[in-house]
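Each remark here refers to the structure printed beneath this line.
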Number of protein chains: 2
Amino acid sequence: MRIGELSRRTSTSRRLLRYYEEQGLIAADRAPNGYREYDERFVDRVLQIRGLLDAGLPTRIIRQILPCLDKPRTIYFPDATPEMLATLRHERDRMTERIRFLTRNRDAIDDYLDAVIAYGGGDGGPDSDVGPRPAALT
Amino acid sequence: MRIGELSRRTSTSRRLLRYYEEQGLIAADRAPNGYREYDERFVDRVLQIRGLLDAGLPTRIIRQILPCLDKPRTIYFPDATPEMLATLRHERDRMTERIRFLTRNRDAIDDYLDAVIAYGGGDGGPDSDVGPRPAALT
DNA sequence: CTTGACCTTCACACATGTGTGAGGGTTCGA
DNA sequence: TCGAACCCTCACACATGTGTGAAGGTCAAG
């Protein structure tokens, strides 16, 4: 497929797809006329990049960890230099930290939301169907 | 305490502390000479801001959710407008998504690392003490 | 009183992800 | 053959978080 279709299928602007390529995250090959040509696998790949980007990782890091994330665990290990393994460990730990932090704060928001609907009776939002109020608060 | 101490205690540059204030994330009061004056609570507060920032939330969102995250669940609910509750729900869901994504990818990295050390015997890094290799690979 | 360590505001600078548009080719159907 | 709908590269622009430094005020110790 060409860039327009990939763009549509990943909800990612053409501009960004070219940017990701420039950053070495994806490598499209070219049709004789110069157009980029992508195959199916790029859809998942781009989605994964978006996810990692959204999770706060910079392209520089994504470029390094992406090859290790191929779904069929390629038993053929690429050039895993010690520096790269160190980066991987470090990034893994950083992600674990992030997960902890996000979880803690997400739960705090959740608690707040629960408290608000228990207290004020909610606002008709999508969380209004949470079942019976705790006895102590009714 | 003044900005220098808060900076040291939170490993955050003075510049950023002023920036967070400008963004409405913290509100220091001023000594007669114009110096910012912070109390203990700001240490945690700043650390929390850093965490949320690192987790990928922009200051604009942090400003909204921070008041809901005060540790002693202040049963006194601030001006929780419906728009704000909607933001909160949306952001909570977004965080849940991020957590899912980060977890998935973190685990993938972890698996890769495990596979590498099982395969190549590791590189002497901090994960080398993971115990016996899986029987099938030794 | 001076020096040094603090503090203030202001402003320019930079990296990163992303938008936008100019200037110009290719392809395909009417 | 024309127009629409693609594609290309290049480049400037913007928001956000962050660094850095100038020009100057405050304060305590020597």
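Labels below follow one simple rule: chain letters A, B, ... track the order of the sequence lines, proteins then strands, and each chain is numbered from 1.
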task: Verify the contact: side-chain N or O of A/Ser13 to OP1 or OP2 of C/dT18, cut-off strictly under 4.0 Å; return yes or no.
output: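 Checking C/dT18 against A/Ser13, no side-chain N or O comes under 4.0 Å of OP1 or OP2.
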- prompt: Below 4.0 angstrom from OP1 or OP2 of C/dC7, is there any side-chain N or O of B/Arg36?
  reply: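 False: B/Arg36 side-chain N/O out of range (4.0 Å or more) of C/dC7 OP1/OP2.
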query: Can you name the salt bridge (charged side-chain N to carboxylate O under 4.0 Å, His left out) partners of B/Glu5, sequence neighbours left out?
result: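 Expected list: B/Arg9.
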task: Just jot down the salt bridge (charged side-chain N to carboxylate O under 4.0 Å, His left out) partners of A/Asp39, sequence neighbours excluded, or say none.
output: A/Arg41
Whole-Å distance separating the [atom1] atom of [X] from the [atom2] atom of [N]:
X       : N      : atom1 : atom2 : value
B/Glu37 : C/dC6  : CD    : P     : 15 Å
B/Ile62 : D/dG17 : CD1   : C1'   : 11 Å
B/Arg63 : D/dT16 : CZ    : P     : 10 Å
B/Glu5  : C/dA5  : CD    : P     : 18 Å

field: Nearest heavy-atom neighbours spanning B/Ala55 and B/Arg98
entry: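 In terms of heavy atoms, the two residues are closest at O-NH1, 3.0 Å.
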Checking [X] now: which residues fulfil side chain to side chain donor-acceptor pair (under 3.5 Å) with it, not counting sequence neighbours?
X        : answer
A/Asp54  : B/Arg94
A/Arg106 : B/Thr96
B/Arg100 : B/Glu97
A/Thr59  : A/Gln23

message: Applying salt bridge (charged side-chain N to carboxylate O under 4.0 Å, His left out) as the test, list every pair that has at least one member in residues 23-35 of chain B; sequence neighbours left out.
response: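 Qualifying pairs: B/Glu21-B/Arg30.
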field: Side-chain H-bond candidate by donor/acceptor type, B/Thr10 with B/Arg50, under 3.5 Å
entry: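 Note: B/Thr10 and B/Arg50 side chains miss the donor-acceptor criterion.
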field: Axial bend angle, the helix from C/dC1-D/dG30 to C/dA30-D/dT1: five-pair end segments, nearest 10°
entry: 10°
task: Do nucleotides 24-30 of chain C as a string where each nucleotide becomes B, S or -: B if the base has a protein heavy atom under 4.0 Å, S if just the sugar-phosphate does, - if no protein is that close.
output: -BBS---
- prompt: In residues 51-59 of chain B, which residues come under 4.0 Å of DNA chain C by heavy atom?
  reply: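 Contacting residues: none.
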field: Donor-acceptor pair, side chain of B/Ser7 and main chain of B/Ile3, under 3.5 angstrom
entry: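 Not a single qualifying donor-acceptor pair exists.
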- request: Kindly say whether A/Leu25 contributes a backbone atom to a donor-acceptor pair with the side chain of A/Arg45 at under 3.5 angstrom?
  value: yes
With A/Tyr38 via ring pair (Phe, Tyr, Trp, His ring centres under 6.0 Å) - residues at least two apart: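 Residues passing ring pair (Phe, Tyr, Trp, His ring centres under 6.0 Å) with A/Tyr38: A/Phe42.
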query: Does any residue of residues 15-24 of chain B have a heavy atom under 4.0 Å from DNA chain D, and if so, which ones, in number order?
result: B/Arg15, B/Leu16, B/Tyr19, B/Tyr20
task: Determine the contact category for B/Arg60: base if any of its heavy atoms lies under 4.0 Å from a base atom, sugar-phosphate if only primed atoms, P, OP1 or OP2 are that close, otherwise nothing.
output: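 If one applies the 4.0 Å heavy-atom cut-off, B/Arg60 turns out to touch nothing in the nucleic acid.
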